[in-house]
Amino acid sequence: MFRNLSLLPAVAALTVAVSCSQPAPEISIIPVPQSISVKSGVFKVPGATVSFDAAATDDMGKGHIMDFASKLTSVTGKPSPVQESLSEKGFSFAVDPTLGSEEYAINISSKAVKVRASTGVGFFYAIQTISQMLPEAYFAGKSAPSEKWVLPKADIQDKPRFAYRGMHMDPCRHFFDVDEVKKYLDVMAMHKLNRLHWHLTEDQGWRIEIKKYPRLTEVGAFRDQTIVDKNFDPFIGDGRRYGGFYTQEQIKEVVAYAANLGITIVPEVDLPGHMIAALASYPYLGCTGKQFKVWERWGVADEVLCPGKESTFEFLEGVLGEIMELFPSEYIHIGGDECPKTYWKTCPHCQKRIKELGLKSDDKHSAEDYLQNYVTARVQKFVNDHGRKIIGWDEILEGNLAEGATVMSWRGVAGGIEAAKNGFDAIMTPNSHMYFDYYQSKEIEKEPLAIGGYLPIDTVYSYDPYKGIPEEARHHILGVQANLWTEYIEGNTHLEYMLLPRLDALSEVQWCEPGNKDFDRFKKSLERMCRVYDILGYTYSKQVFGEPGLPGHEGRVD
Ligand code: ACM
Ligand code: ZN
């Protein structure tokens with residue numbers, strides 16, 4: 001809760017203007033800190049020393065502190081010298097081991113800005129907060145000398161509500177290159193998100209180089225053409241070959257870039273469904289051995305991996321082994337969604353496996369459903385044997401799920417509630433509140449074509465991750481994530497438009513205690529954030545300000 005409640009009635013929550021000899025800047029930080037009290041008076045930034053304890057500060061912290069000092073020098077026009085021992089004046093960054101790994105505190109007086117954190121991530125988050133308190137020109141990075149380079153005297157204590165604060169990216173339906181992924185990570189980090197769920201394999205394209213299986217990218221990363229709009233039947237394709245993939249060197253570069261922003265990348269290999277690109281590369285992975293083409297349309301395909309054959313598991317272990325080498329994440333996402341059992345029902349290999357395992361249909365599930373449980377459990381064991389844990393979409397709950405799996409609730413909140421009640425950890429990504437591929441205004445003739453749905457920013461903001469979760473099971477809710485599938489999103493401009501500013505709302509759902517959430521204060525803060533987006537070259541929706549639509553992309557109505 002805000003500590004200085006006396007300030008609250010003056011202006012909606014945190015947009016606080018304090019009267020003093022020098023006008024204090026408005027404060028509009030997203031996500032809003034857990035506790036902030038603003039006093040009268042300011043700290044003058046130009047020329048302030050930036051100090052830290054070189055022996056105690058980790059490399060990530062040092063890097064961000066030094067970058068901050070050089071940015072201040074650039075924008076204020078006055079050098080901010082760096083000092084490698086703590087000073088009583090200017091900006092000081094002190095290691096305080098009593099704080100949590102993502103926690104920080106900032107005390108701003110007229111003489112000093114004292115930052116405390118226990119890790120480089122904490123210092124990075126403190127710098128994100130300070131940068132949102134400075135004039136927007138900070139983000140332009142160019143010299144802009146002015147008397148406006150001040151910070152209001154204030155006390156800030158801050159830490160996240162949820163440990164897992166994710167955003168998902170689908171470079172399979174449409175591809176986004178390394179620079180675009182980095183730009184996505186940058187805006188996530190500004191909002192203190194800490195997980196990128198990177199969906200790297202799909203029917204329409206396999207996007208990560210696997211040395212043991214080169215055809216996955218030679219063949220599986222490219223499709224001959226792509227469906228035009230929603231012309232499923234009769235099918236109309238655009239006739240243009242399309243594709244791309246990340247080399248392992250690029251993956252390492254992105255993983256390191258994200259880590260420096262406090263973001264862990266959770267890779268997803270979606271199995272056993274959504275695998276046509278792999279089947280096109282290695283037809284023996286399917287039930288029939290038939291050659292398929294990398295899919296040119298969207299939807300749920302009947303062609304899936306054959307769990308009757310041992311060679312399928314050898315393949316999955318080969319792929320996941322390389323994935324675990326590349327990604328240090330504690331969690332590996334193994335998909336599990338939307339896997340039709342059509343082929344399994346008649347496949348002699350699958351039926352033999354069902355018989356051997358003694359799997360039987362019952363009134364809730366078919367023997368083939370239980371066969372998917374077998375796939376999940378075998379892959380889970382392999383992942384666990386390598387010291388990692390699995391996440392799967394909520395379909396993995398159907399039938400039997402082995403202890404230690406984490407469930408990603410996407411078909412609404414029911415999967416997350418069921419998982420938590422049954423002792424499984426869950427990450428909430430319900431399509432009722434967290435599917436950023438849905439339309440964000442009702443004036444869809446002004447909007448770029450979308451998959452459907454309607455998810456305006458205030459609905460995202462209103463999400464309560466604990467709704468329906470019994471109090472004693474709430475510790476199983478690790479956090480919240482939004483998903484951004486890209487069937488209808490052809491390029492980065494459109495991708496950012498779907499992401500922003502709904503990401504801002506997501507960040508407050510993930511970071512803020514419920515008592516600190518206030519849509520009016522948030523909306524006011526968004527005005528400034530959108531000016532920052534203009535400076536940084538991000539595309540965003542203005543629907544929340546009554547201006548829906550993305551000029552140049554409108555008019556493709558379902
Ligand atoms: C999903 O949206 N198929 C997880
Ligand atoms: Zn089979």
Side-chain angles (χ1 to χ4, degrees), residues 166-170 172-173 197-204 266 268-276 278-279 282-290 292 295 298-313 315-316 333-357 359 366-372 374-375 378 391-398 406-416 419 426-438 450-453 455 481-489 498:
M167 185 65 222
H168 155 284
M169 184 194 227
D170 168 14
C172 297
R173 274 54 177 264
H197 169 178
W198 212 6
H199 181 82
L200 289 165
T201 68
E202 255 306 336
D203 296 314
Q204 297 84 3
V266 179
E268 179 183 355
V269 175
D270 199 349
L271 65 97
H274 288 285
M275 270 282 173
I276 298 186
L279 298 184
Y282 297 99
Y284 73 82
L285 295 171
C287 288
T288 60
K290 201 174 144 210
F292 298 110
W295 227 21
W298 321 125
V300 176
D302 283 334
E303 293 75 21
V304 302
L305 295 179
C306 175
K309 300 182 198 164
E310 271 310 290
S311 50
T312 300
F313 292 96
F315 167 79
L316 289 175
H333 202 306
I334 62 157
D337 60 325
E338 299 176 323
C339 179
K341 313 296 189 290
T342 321
Y343 282 85
W344 296 3
K345 287 197 164 97
T346 54
C347 168
H349 308 285
C350 289
Q351 290 305 315
K352 183 162 174 268
R353 177 84 79 188
I354 284 173
K355 214 162 161 204
E356 278 166 10
L357 293 169
L359 305 178
S366 66
E368 288 75 21
D369 291 334
Y370 290 114
L371 185 57
Q372 183 169 348
Y374 168 77
V375 176
R378 246 186 101 162
I391 300 176
W393 297 109
D394 58 38
E395 284 92 334
I396 66 169
L397 272 173
E398 291 165 7
T406 295
V407 173
M408 193 165 261
S409 185
W410 73 276
R411 294 175 298 178
V413 297
I427 297 160
M428 303 305 288
T429 75
N431 55 4
S432 53
H433 294 79
M434 292 293 158
Y435 263 47
F436 288 4
D437 53 341
Y438 290 3
I451 198 159
L455 184 60
Q481 173 180 293
N483 298 333
L484 185 36
W485 303 102
T486 61
E487 285 93 334
Y488 298 94
I489 299 174
M498 302 306 272

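All ligand and atom numbering here is 1-based and tracks the order in the structure. Residues: numbered from 1 along the sequence shown. All heavy atoms count here, side chains included; hydrogens, waters and symmetry mates do not.
Considering all non-hydrogen atoms of both residues, Ile427 and Thr406 come closest at CD1-CG2, 3.9 Å. Considering every non-hydrogen atom in both Tyr438 and Ala450, the closest pair reads C-CB, 4.5 Å.
With respect to atom 3 (N) of ligand 1, the closest heavy atom belonging to the protein is Asp337 OD2, 2.8 Å. Among all non-hydrogen protein atoms, the one lying nearest atom 2 (O) of ligand 1 is Tyr435 OH, 2.6 Å.
With a cut-off of 2.8 Å, the Zn ion (ligand 2) has an N, O or S atom of Cys287 in range.
Using cut-offs of 30° and 60° for the angle between ring planes, the His168 and His199 rings count as tilted. By the 30° and 60° cut-offs, the orientation of the rings of Trp393 relative to Trp485 is tilted. Phe315 and Tyr282 have tilted rings, their planes meeting at an angle from 30° to 60° on a 0 to 90° scale.
Taking the Zn ion (ligand 2) as the apex, the angle formed with SG of Cys347 and SG of Cys306 is 110°, to the nearest 10 degrees.
Atom numbering of ligand 1 starts at 1 in the shown order; those under 4.0 Å from a heavy atom of Trp393 are 4 (C). Listed by atom number, the atoms of ligand 1 under 4.0 Å from Trp485 heavy atoms are 1 (C), 2 (O), 4 (C).
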Take Glu398 and Arg411 through the salt bridge (Lys or Arg N to Asp or Glu O under 4.0 Å) test and state the conclusion after the steps.
CA-CA 13 Å; Glu398 291 165 7; Arg411 294 175 298 178; 2.9 Å; yes

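Taking any N or O of Glu338, backbone or side chain, at least one lies under 3.5 Å from an N or O belonging to ligand 1.
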